[in-house]
Amino acid sequence: MTKIQMKTPLVEMDGDEMTRIIWQLIKNKLLDPFIDLKTEYYDLGLANRDATDDQVTVDAADATRRLGVAVKCATITPNAARVEEYGLKQMWKSPNGTIRAMLDGTVFRAPILVKGIRPVVRNWEQPITIARHAYGDIYKNVEIIVPGAGKVELVYTGEDGTEIRELVHEYQGPGVAQGVHNLDASITSFAHSCFRYALDTKQDLWFSTKDTISKKYDHRFKDIFSEVYEADYADAFVQAGITYFYTLIDDAVARVMKAKGGFIWACKNYDGDVMSDMVSSAFGSLAMMTSVLVSPAGVYEYEAAHGTVQRHYYKHLAGEKTSTNSVATIFAWTGALRKRGELDELEDLVAFADRLERATLDTIESGQMTGDLARITTLSSPETLSTEGFIEAVAARL
Ligand code: NAP
Ligand code: MG
């Protein structure tokens, strides 16, 4: 069999623990036999991030800007326990945070739907993709404890000395106050990423804030989205047969619960944090959630939404059999290969991505799956496979 050829390499970011093992299995059993795989490899495993003083993460993000499409394995975000476990020089920052900051991207999270794993919300038939703004609001807040009677004010001082002053509250007794901010540039990037991704995936885009209450702050988000849409995307949306729809966050929640799915829901930072956990749990499994970072410049980085599955890795190290779900990591690869195929006009590569996804879903729908899905499936007598066994079953079907 002649292998499928690639033109431009993918940026490949290897990672940690159980997902690092899955990464190698996917390459050996599902990709290498069929594709003459071209990648620029960056080892983001914690040991190598430490050895390179995290330069490897910066290099990988630079390569993504240069080549346009990346696929990333889950990585450890160090905490105090990890610093000790790996003897780290310092508590390196989250690689995802570093990459997101460098690419100025928005993360889109979408569930992978499969027959036999029913969403908790009965009428959800298609995925709901959450787009979460990744800058500002309460994540960059400044807070004070107000000790007693007195006033809190919001003061802006321009470079030329002009001042805007607003009274927040005249306190009669103790309380709390906080200041939050956002930037037109960041909101504009967020809007571009959302409109672009909606066009890419041919799905309607919903955006919600609380602009009836927050008449300046949230209203600014609404206005910027509307301006960006009218200036750059309105015609393309009409041509693609999709719509942009703005509504209040509480109205959006009510509509989402009654909807069939099949759309993107763009959320402010905090709303996206909360809603993405709600939507992903209601769809069934963290192991079936994909994630793609899309930059306003049109650069894509695909990964699984879950972490390195540390608990399973320790079982693996202890010589026990594991049953870790590789679906989201497989779909990170297919997402990246499909996008690379589209950009380079390689029909074979796009078709391969489709077939690998189909083989993965067919394997599950035929009753062969990992333990996490076997526990929640509506199929009768599912066969629980090991980590490796599941990937081999997909390979056999492929
Ligand atoms: P996790 O790796 O997402 O796993 C949490 C639990 O969810 C697992 O123990 C397992 O439950 C279940 N699970 C997640 N993915 C699964 C899969 N593919 N197959 C089967 N079950 C799965 O989160 P964590 O254990 O809290 O974090 C581990 C490390 O991942 C941390 O160091 C964290 O920094 C990192 N992390 C990285 C990313 C990223 O790179 N994007 C994201 C999140 C976390 P059971 O144990 O009940 O089977
Ligand atoms: Mg959260």
Side-chain angles (χ1 to χ4, degrees), residues 12-23 25-26 42-50 54 56-57 60-61 70-86 88 91-101 103 105 107-112 114 117 132 134 273 276-277 280-281 283-293 301-318 320-333 335 360 364 368-377 382 384-391 394:
E12 175 186 355
M13 307 185 199
D14 208 343
D16 289 301
E17 300 194 311
M18 207 57 214
T19 40
R20 189 177 179 100
I21 292 169
I22 286 173
W23 197 257
L25 286 170
I26 291 172
Y42 294 86
D43 183 2
L44 266 58
L46 188 48
N48 193 47
R49 273 182 276 149
D50 196 51
D54 211 19
V56 67
T57 307
V71 56
K72 179 179 169 292
C73 180
T75 47
I76 293 168
T77 299
N79 55 17
R82 299 299 201 163
V83 171
E84 184 154 334
E85 181 183 357
Y86 284 80
L88 300 180
M91 202 184 293
W92 303 109
K93 283 189 286 189
S94 149
N96 286 43
T98 302
I99 295 165
R100 197 160 57 212
L103 301 181
V107 173
F108 296 82
R109 261 182 150 203
I112 300 157
V114 61
I117 310 294
R132 174 183 169 187
D273 187 357
S276 70
D277 279 2
S280 66
S281 350
F283 267 109
S285 169
L286 190 59
M288 297 290 282
M289 191 61 80
T290 60
S291 180
V292 54
L293 176 74
E301 184 233 277
Y302 294 82
E303 65 173 329
H306 60 77
T308 60
V309 212
Q310 181 181 15
R311 205 181 64 80
H312 296 207
Y313 181 61
Y314 288 165
K315 273 179 72 178
H316 166 83
L317 289 182
E320 290 175 51
K321 260 227 167 325
T322 57
S323 183
T324 312
N325 189 332
S326 48
V327 173
T329 307
I330 294 172
F331 274 62
W333 275 100
T360 305
I364 299 170
Q368 299 182 296
M369 59 194 81
T370 45
D372 56 313
L373 298 184
R375 279 195 293 277
I376 58 171
T377 185
T384 303
L385 299 178
S386 65
T387 306
E388 195 163 334
F390 178 75
I391 292 173
V394 174

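The shown structure was predicted, so the numbers you read here are calculated from the model rather than taken from an experiment. Numbering of ligands and ligand atoms starts at 1, following listing order. These numbers come from the heavy atoms of this one structure, side chains and all, not from hydrogens, waters or symmetry mates.
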Check your understanding: How far apart are the C-alpha atoms of Ser94 and Asn96, what are their side-chain angles, what is the distance that settles it, and do they pass the side chain to side chain donor-acceptor pair (under 3.5 Å) test?
Key -> CA-CA 5 Å; Ser94 149; Asn96 286 43; 4.9 Å; no
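By the criterion of a heavy-atom distance under 4.0 Å, neither the backbone nor the side chain of Asn79 is placed next to ligand 1. Contacts between Met18 and ligand 1, counted as non-hydrogen atom pairs separated by less than 4.0 Å, are absent for every part of the residue. Under 4.0 Å from ligand 1, not a single heavy atom of Glu17 appears. Both the backbone and the side chain of His306 come within contact range of ligand 1, each with a heavy atom under 4.0 Å.
Here is the list of ligand 1 atoms found below 4.0 Å of a heavy atom in Arg82: 29 (C), 31 (C), 32 (O). Listed by number with element, the atoms of ligand 1 under 4.0 Å from a non-hydrogen atom of Lys72 are 40 (O). The distance from ligand 1 to the heavy atoms of Ala74 drops below 4.0 Å at these ligand atoms: 40 (O).
Protein heavy atoms all stay at least 4.0 Å away from atom 6 (C) of ligand 1. Under the 4.0 Å distance rule, the nearest protein heavy atom to atom 26 (O) of ligand 1 falls outside the cut-off.
Considering Asp372, Asn325, Thr77 only, the shortest heavy-atom separation from atom 18 (N) of ligand 1 involves Asn325. Selection from Met289, Glu303, Met13, Arg375 by nearest heavy atom to atom 41 (N) of ligand 1 gives Glu303. Nearest-heavy-atom check against atom 10 (C) of ligand 1 across His312, Met288, Arg311, Gln310 picks out His312.
Taking CG of Leu44 as the reference point, atom CD1 of Ile99 lies at 5.5 Å (rounded to 0.5 Å).
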